[in-house]
Trainee: 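I'd like to ask you about the structure that follows.
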Amino acid sequence: MARLEAAIFDLDGVIVSTDRQHYLAWKRLADEIGAPFDRERNEQCRGVDRMASLRIVLGPGHRYSEAEMTALAERKNGYYQALIRQISPADLLPGAAALIEELERRGVKRAVGSASRNAAAVLERLGIAGKFQAVVTGHDFTRSKPAPDVFLTAAARLGAAPGNCVVFEDAAAGVEAAHAGGMKAVGVGRADLLAAAERVVDSLAEVSYADLVRLMEAAPRRG
Ligand code: BG6
Ligand code: MG
């Protein structure tokens, strides 16, 4: 039977609300190059790494070279980094700080597993960088979610068995990555998009240590 040994948190959309900053940065770039971009297309970038997000922003049939695309992604990142300089603990999503502290008190290992190469800077600004024994970011792996690499790397750094890890994710690709790594997943956000997760919540405020113990002890889902 699985037990609750470690919790691995996605960052953007789970711990912190960076949706607005990612949207504004992509929107500025898209406006500059005349690409159509709206909130719906931004939604498709949830959990997706920077270059793959750029491909979503540009859409099919664009004529940019790889070198030009790298420059466009860097330009967006410059806009994003300027926006996240304003991030403070007030941007923590509801329940995040309390759950992380409860898990710390209960001796549950904690990691961040994020596609973002800005994750370390965001955690510093939120004032919670010291709460995690491992922080795995887009710098640490090449295969992005839905590949399990990010979460398996986090589990290995924590010294935790993957089957004893629970992952918190706001992106369907992240839930898929957790399952591919043999972990259970709690979806944070839209139930229609995250239906594959063992449990879906609106925010981490709905989750307690006791819930997670039960979730880990429950039989794995079939199929
Ligand atoms: C994910 C976000 O966490 O990180 C995506 O959900 C983002 O929107 C991705 O594209 C990569 O982030 P960054 O900071 O490396 O551009
Ligand atoms: Mg996310």
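In this chain, numbering begins with 1 at the start of the sequence shown. One-based numbering, in listed order, for ligands and for the atoms of each.
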Trainee: Please list, in chain and residue-number order, the protein N/O/S atoms closer than 2.8 Å to the Mg ion (ligand 2).
Mentor: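 As for protein N, O or S atoms lying under 2.8 Å from the Mg ion (ligand 2), they are Asp10 OD2, Asp12 O, Asp170 OD1.
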Trainee: Applying the side-chain contact (heavy atoms from CB on, under 4.5 Å) test to Leu4, which of Asn164, Leu215, Val108 qualifies?
Mentor: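 Going through Asn164, Leu215, Val108 one by one, the side-chain contact (heavy atoms from CB on, under 4.5 Å) with Leu4 is satisfied by Val108 alone.
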Trainee: Determine, for Tyr23 and Arg39, whether the Lys NZ or Arg CZ falls below 6.0 Å from the six-membered ring centre while staying within 45 degrees of the axis.
Mentor: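 That pair qualifies as a cation-pi contact.
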Trainee: Taking 4.0 angstrom as the limit and counting only heavy atoms of Asp12, give me the atoms of ligand 1 inside it, by number and element.
Mentor: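 In order of numbering, the contacting atoms are 1 (C), 2 (C), 3 (O), 4 (O), 6 (O).
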Trainee: Could you tell me whether the side chain of Glu206 and the main chain of Asp202 form a donor-acceptor pair under 3.5 Å?
Mentor: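 Yes; at least one donor-acceptor contact below 3.5 Å.
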Trainee: Side chains of Glu198 and His179: donor-acceptor distance under 3.5 Å anywhere?
Mentor: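 Result is yes, a qualifying pair exists.
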Trainee: Ligand 1 versus Thr18, non-hydrogen atoms closer than 4.0 Å: side chain, backbone, both, neither?
Mentor: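 Thr18 to ligand 1: no contact under 4.0 Å from either part.
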Trainee: Evaluate Arg199 against Asp211 for salt bridge (charged side-chain N to carboxylate O under 4.0 Å, His left out), listing each step before the verdict.
Mentor: CA-CA 10 Å; Arg199 187 177 163 201; Asp211 294 336; 3.3 Å; yes
Trainee: Quick one: does Val48 get within less than 4.0 Å of ligand 1, heavy atoms only?
Mentor: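 The answer is yes, since Val48 has a heavy atom less than 4.0 Å from ligand 1.
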Trainee: Is there a heavy atom in Gly13 that sits closer than 4.0 Å to ligand 1?
Mentor: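 In this structure, Gly13 fails to qualify as a contact of ligand 1 - no heavy atom is under 4.0 Å.
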Trainee: How far is atom 16 (O) of ligand 1 from the closest protein heavy atom, and which atom is that?
Mentor: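 Of the protein heavy atoms, Arg50 NE, 2.7 Å lies nearest.
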Trainee: Is Asp10 salt-bridged to Lys145, going by a charged N under 4.0 Å from an acidic O?
Mentor: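 Salt bridge flag = yes for Lys145 with Asp10.
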Trainee: From the options Gln21, Arg50, His22, Arg28, select the one residue that forms a side chain to side chain donor-acceptor pair (under 3.5 Å) with Tyr80.
Mentor: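 Answer to the side chain to side chain donor-acceptor pair (under 3.5 Å) test with Tyr80 among Gln21, Arg50, His22, Arg28: His22.
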Trainee: Backbone, side chain, both or neither: what part of His22 comes under 4.0 angstrom of ligand 1, heavy atoms only?
Mentor: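 Answer for His22: side chain.
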Trainee: Which of the numbered atoms in ligand 1 are below 4.0 angstrom from a heavy atom of Ser53?
Mentor: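 It comes down to these atoms of ligand 1: 10 (O).
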Trainee: Could you check which of Cys45, Ser116, Ala52, Gly113 puts a non-hydrogen atom nearest to atom 4 (O) of ligand 1?
Mentor: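 Among Cys45, Ser116, Ala52, Gly113, the closest heavy atom to atom 4 (O) of ligand 1 belongs to Ser116.
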Trainee: Evaluate salt bridge (charged side-chain N to carboxylate O under 4.0 Å, His left out) for Arg3 paired with Glu217, printing each intermediate quantity in order.
Mentor: CA-CA 6 Å; Arg3 67 183 178 86; Glu217 288 176 354; over 6 Å; no
Trainee: For the pair Glu169 (side chain) and Val175 (backbone), establish whether a donor and an acceptor sit closer than 3.5 Å, ignoring hydrogens and angles.
Mentor: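 Answer holds: no.
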Trainee: Is ligand 1 less than 4.0 angstrom away from at least one heavy atom of Gly47?
Mentor: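 Within the 4.0 Å threshold, so yes.
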Trainee: Just jot down the ligand 1 atoms closer than 4.0 angstrom to any heavy atom of Asn118, in number order.
Mentor: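 Near Asn118, meaning under 4.0 Å from one of its heavy atoms, ligand 1 has 13 (P), 14 (O).
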Trainee: Is Val207 close to Val188 at the side-chain level, that is, under 4.5 Å between some pair of heavy atoms?
Mentor: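 Contact flag for Val188/Val207 side chains = no.
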Trainee: Starting from atom 15 (O) of ligand 1, find the nearest protein heavy-atom neighbour and note its residue, name and distance.
Mentor: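 Result: Arg117 N, 2.7 Å.
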Trainee: With a 4.0 Å cut-off on N to O distance, would you call Arg157 and Asp140 a salt bridge?
Mentor: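 Between Asp140 and Arg157 there is a salt bridge, with a charged N closer than 4.0 Å to a carboxylate O.
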